[in-house]
A.B. asks: 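Starting off with a structure, shown below.
Reckoned from all heavy atoms, side chains included, excluding hydrogens, waters and symmetry mates. Numbers restart at 1 for each chain; the letters A, B, ... are given by sequence-line order, proteins then strands.
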Amino acid sequence: MHIELNEEQRLLQETVRRFAEEVVKPRAKEIDESGEFPKDFFHQSGELGLTGVCVPEEYGGAGMDPVSYCLVIEEISRVCGSSGVILSVNNSLVCDPIQAFGNEEQKKEFLTPLATGEKLGCFALTEPGAGSDAAGLITRAVRDGDDYVINGNKVFITNGTDADLALVFATVDPEQKHRGITAFVVPVDTPGYSHGGHEFKLGVNASGTTELAFEDMRVPAAWRLGEEGEGFKIAMSTLDGGRIGIAAQAVGIAQGSYEEAVSYAKEREQFGKAISSFQAIQFYLADMSTEIDAARLLTWKAAWAKVNKKRYSLEAATAKLFSAEMAQRVTNKALQIHGGYGYTKDYNVERYFRDARITEIYEGTSEIHKMIIADWLLKAS
Amino acid sequence: MSTSAVLADHEVTQDSEGELVSLDFELSEDQTMIRDEVRRYAEERIAPGTAERDRDHEFPQEIIQELGELGLLGMMVDEKHGGAGLDPVTYCLAVEELSRICPATAVTMSVSNSVACWPIDHFGNEELKSTVLQELASGECIGGFGLTEPGSGSDAASMRTTAVRDGDHWVLQGEKAWITNAGFARYYVVLAKTDPDAGKRGITAFVVPADAEGFSVGTPEEKLGLRASRTAPIYFEQVRIPASWMLGELGKGLNLALATLDHSRLGIAAQAMGEHRRALELAISYAKEREQFGRPIADFQAIRFQLAEIAVELEAARTLTLYAASLPHGHKDAGRLASEAKVYASEAANRAVWKSLQIHGGNGYCEDYEIARLYRDVRVTTIYEGTSEMQRLVISRHVLNG
């Protein structure tokens, strides 16, 4: 057992932190309020290699390991939760599956621009009636010669307002349930593809969440990722990786709020002294530090398992569940330490508190993760 | 075997396509081997008598002797002083395995390792190392640690036991409370005031042999749990100790005690991990067997989710504790992490045992079921070797000053 970042990872961490502080942080509050998608930031991230962190260099990526990826998402989320999830979706949910399941042509055509940050990707799985029960999706793909014709609707699609490419999941045969689900990479200028307006959300408000509609959208079979009926497997294994990204996002949001709380507690005076001299506040900070450390280690462990194990669903679910729940508690305490000021828009903890909330919902709710973990426990013993 | 329910243990493949990341969460071969050995020993030799010893408050004398023969009583002491020369991660794994089967045995063993061997190994002179440490580490005998007093718990500096210099000797006078292994230990590391006016800078550590004249052991405590471990007060009535048996420097005893506890709290975190893991195993097997409404209660989400919560917190506690144990001595985060591991692992274990008992329903409230003992045993982990409150104080100091 030896858990220590290497030189390269530390350097990356420093670089991303500087970028986050200088470029991302100054606009975090503004884009949260306006909901404006930070497309320019996305392209700039690409120049640093943050849009395809684990994609091999031959496809335009940075060719780094999954722990490095966690560092990237944590550092960005530490200053802006919206930016964190934008990158996480592009990396984990779009680049990863094309890298893992795409053929050479698809990698050249789709993966490279996504990895370099030239194009932005989104992941279109969820539907109005198919959330946790993803196998119940009803978007149809009907084979027609060398094409498929796709009809249906997707909701809660992160990056959807500004994406250039969508990874779309549709069923070729609803009777077959999950065995009918098939994945397609679809450029958004494909006729029949349309997206809705900006969905104003409680938190991560600048992440371009919207709905998608496919109306007789004709896509060539060459855009199909994997085989017919392989889509559910692609979606689930993709989400395993995505969960590591969201765990890292939760750690970053928590870390950001914790740092604000430490400095506020040292400055804020009540009863003639800094509130950091009161045990009630000290104990909050101690618990925050403890839980953040535990969550970060679990997240790194899941990233480590992604490299070293055939299956890492369990590690990913564990890290995601723990980190997301941790982020609720930590951001809540950070706000509490700020008192009335924390409840106002003048302080960042208010935004962190809102941003943290989604981590327990997307890319598998906490409840789904408990199901995964319990199933494993009961089968393994 | 249900021990496979430890998340960290499931199969690892090395056929990765990507490059290996520099972080390594895997145990080494030696660590795995020793853990497996301790696990086997605990299941075969310790488990059969755990309930009985608990009921009868019977100290596991024979087992402790065998642990000594297995090299588990001086695990981190150098081989030249009779120890096994192992690393703190291996030590934590051994404590975890013992605690999973019998926490009372685990604490007896961890006290001898962490708070008797460790300070002598790190602060003792060559004489103490070649005599006292040699006996302790080789498992010939066990040790104890005398810091706490009736009026001096978390506020260790307020102790009243004194040591007065008299020629080549020190003379100790006073009493210590809640001493684990009292009456069974051959040597005690004892803290006393050598300069009562100097506050926390007037405290010094000594090694006191149990056969010293004026040393005595009081009536054992009736405890809520860990009944097979021995806890009793010890008394010093003009006990004369050779000057060479002073441990560390004059007036530096409190630092020595705190450094010792910094180290030993990982042992308690590991103890909590063992109890936590056992609670999970018991909950899983009970939930699969117990039928209500015509099916095993493991079919119900209310039960399944509790199992998942217990498992996730176990994984967090283990990862935190083993990481803290893996940090090199003197690492800038080591102190904070040790306290984080102790407070998290002990509180998580208490939640886990609580949930496991809840899953057991009325049966869990009866001593016929192992979880009832575990419920009593686990409670102390948030109290001894630094309460949760003291851990939080330590962590917050790191946070605010670091």
Side-chain angles (χ1 to χ4, degrees), chain A residues 1-6 8-9 54 63 65-68 258 262 265-266 276-277 279 281-291 293-295 297-298 300-301 303-311 314-315 317-319 321-322 325-326 367 369-378 380-381, chain B residues 1-2 4-5 7-8 10-28 31 89 280-281 284-285 287-288 298 301 303-305 307-309 311-313 315-317 319-320 322-323 325-326 336-337 339-340 343-344 389 391-400:
Chain A
M1 230 179 108
H2 178 83
I3 302 160
E4 197 185 0
L5 299 180
N6 63 28
E8 198 186 335
Q9 288 164 334
C54 300
D65 65 276
V67 174
S68 299
Y258 159 78
V262 170
K266 285 175 165 176
S276 63
S277 59
Q279 274 187 346
I281 303 298
Q282 290 170 358
F283 282 25
Y284 281 164
L285 294 174
D287 287 340
M288 292 158 82
S289 169
T290 301
E291 293 201 47
D293 279 334
L297 284 166
L298 289 178
W300 287 1
K301 187 169 185 179
W304 168 84
K306 189 178 179 190
V307 179
N308 289 283
K309 298 190 178 187
K310 276 187 185 142
R311 296 287 310 276
L314 187 64
E315 286 86 352
T318 301
L321 172 61
F322 186 89
E325 291 189 342
M326 172 284 293
E367 292 71 25
H369 293 113
K370 287 181 188 174
M371 284 168 64
I372 292 172
I373 293 164
D375 286 350
W376 186 87
L377 287 170
L378 290 164
S381 56
Chain B
M1 177 65 219
S2 56
S4 64
L7 304 192
H10 74 292
E11 196 197 351
V12 176
T13 53
Q14 294 290 345
D15 60 345
S16 65
E17 290 163 26
E19 55 185 339
L20 280 170
V21 296
S22 65
L23 282 77
D24 187 5
F25 283 90
E26 205 52 44
L27 300 177
S28 73
Q31 288 166 341
V89 171
L280 176 62
E281 291 170 358
I284 290 171
S285 58
K288 284 171 133 177
Q301 254 181 2
I303 304 300
R304 296 174 91 90
F305 279 27
L307 296 177
E309 287 156 13
V312 166
E313 295 204 347
E315 183 66 356
T319 310
L320 205 49
L322 296 181
Y323 173 63
S326 78
R336 187 187 85 236
L337 260 305
S339 285
E340 290 185 355
V343 68
Y344 186 81
E389 291 70 22
Q391 307 306 328
R392 289 189 167 95
L393 267 186
V394 170
I395 298 163
S396 70
R397 277 175 198 147
H398 284 286
V399 161
L400 289 164

A.B. asks: Measuring heavy-atom distances to chain A, does B:Val394 have an atom under 4.5 Å in its side chain, in its backbone, in both, or in neither?
C.D. replies: neither
A.B. asks: Considering only heavy atoms, which portion of A:Met288 lies under 4.5 Å from any heavy atom of chain B: side chain, backbone, both, or neither?
C.D. replies: neither
A.B. asks: Rounded to the nearest 0.5 Å, what separates atom OG1 in A:Thr318 from atom CD in B:Glu313?
C.D. replies: 12.0 Å
A.B. asks: Between the main-chain N or O of B:Thr319 and the side-chain N or O of A:Lys301, is there a donor-acceptor pair closer than 3.5 Å?
C.D. replies: no
A.B. asks: What's the verdict on side chain to side chain contact (heavy atoms under 4.5 Å, CB included) for A:Met371 and B:Gln301, showing C-alpha distance, side-chain angles and the deciding distance?
C.D. replies: CA-CA 8 Å; A:Met371 284 168 64; B:Gln301 254 181 2; 3.6 Å; yes
A.B. asks: Nearest 0.5 Å, what's the CZ-NZ distance between B:Phe25 and A:Lys309?
C.D. replies: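 Rounded to the nearest 0.5 Å, the CZ-NZ separation comes to 10.5 Å.
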A.B. asks: Between A:Asp375 and B:Arg304, is any pair of side-chain heavy atoms under 4.5 Å apart?
C.D. replies: yes
A.B. asks: What part of A:Leu297 is in contact with chain B, defined as an atom under 4.5 angstrom from a non-hydrogen atom: side chain, backbone, both or neither?
C.D. replies: both
A.B. asks: Taking side chain as everything from C-beta outward and backbone as N, CA, C, O, which of these in A:Glu325 sits under 4.5 Å from a heavy atom of chain B? Side chain, backbone, both or neither.
C.D. replies: neither
A.B. asks: Pair B:Ser326, A:His2 - check side chain to side chain contact (heavy atoms under 4.5 Å, CB included), show working.
C.D. replies: CA-CA 7 Å; B:Ser326 78; A:His2 178 83; over 6 Å; no
A.B. asks: Where on B:Arg336 is there a heavy atom nearer than 4.5 Å to chain A: the side chain, the backbone, both, or neither?
C.D. replies: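 When you check distances to chain A, only side chain atoms of B:Arg336 fall under 4.5 Å.
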A.B. asks: For residues B:Asp24 and A:Met1, determine if any side-chain heavy atom of one lies less than 4.5 Å from a side-chain heavy atom of the other.
C.D. replies: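 In short, these two side chains do not touch, never coming nearer than 4.5 Å.
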A.B. asks: To the nearest 0.5 Å, what is the distance between CD on B:Glu315 and CG on A:Leu298?
C.D. replies: 6.0 Å
A.B. asks: Go through the structure and list residues passing salt bridge (Lys or Arg N to Asp or Glu O under 4.0 Å) with B:Glu309, not counting sequence neighbours.
C.D. replies: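 With sequence neighbours excluded, B:Glu309 shows a salt bridge (Lys or Arg N to Asp or Glu O under 4.0 Å) to A:Lys370, B:Lys355, given in chain and number order.
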A.B. asks: May I ask you to name which of A:Val262, A:Leu285, A:Asp293 has the most heavy-atom pairs under 4.5 Å with chain B?
C.D. replies: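 The residue among A:Val262, A:Leu285, A:Asp293 with the greatest pair count is A:Asp293.
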A.B. asks: Considering only heavy atoms, which portion of A:Tyr284 lies under 4.5 Å from any heavy atom of chain B: side chain, backbone, both, or neither?
C.D. replies: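 Contact with chain B involves no heavy atom of A:Tyr284 at all.
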A.B. asks: Rounded to the nearest 0.5 Å, what separates atom CD in B:Glu389 from atom CD in A:Gln279?
C.D. replies: 8.5 Å
A.B. asks: Between B:Val343, B:Leu393, B:Leu307, B:Ile303, who has the most heavy-atom pairs with chain A when the cutoff is under 4.5 Å?
C.D. replies: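 Winner by heavy-atom pair count: B:Leu393.
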A.B. asks: Which residue out of A:Ala374, A:Ala294, A:Ser289 racks up the most heavy-atom pairs below 4.5 Å with chain B?
C.D. replies: A:Ser289
A.B. asks: So which part of B:Gln391 gets closer than 4.5 Å to some heavy atom of chain A, the side chain, the backbone, both or neither?
C.D. replies: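 For B:Gln391, neither part sits under 4.5 Å from chain A.
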A.B. asks: Please identify each residue that fulfils side chain to side chain donor-acceptor pair (under 3.5 Å) with B:Gln31, with sequence neighbours left out.
C.D. replies: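 Partners of B:Gln31 by the side chain to side chain donor-acceptor pair (under 3.5 Å) criterion, ordered by chain and then number, come out as B:Ser28, B:Asp87.
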A.B. asks: Would you sort out whether B:Val312 and A:Ile373 count as a side chain to side chain contact (heavy atoms under 4.5 Å, CB included), showing the intermediate values?
C.D. replies: CA-CA 8 Å; B:Val312 166; A:Ile373 293 164; 3.4 Å; yes
A.B. asks: Might you work through the side chain to side chain contact (heavy atoms under 4.5 Å, CB included) test for A:Leu377 and B:Leu280, ending with a clear yes or no?
C.D. replies: CA-CA 9 Å; A:Leu377 287 170; B:Leu280 176 62; 4.2 Å; yes
A.B. asks: Most heavy-atom pairs under 4.5 angstrom with chain A, which of B:Val89, B:Leu322, B:Leu400?
C.D. replies: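 Highest number of pairs under 4.5 Å: B:Leu400.
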A.B. asks: Measure the shortest side-chain to side-chain distance between B:Ile395 and A:Phe283 over non-hydrogen atoms and say whether it is less than 4.5 angstrom.
C.D. replies: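 With C-beta onward as the side chain, the pair stays apart.
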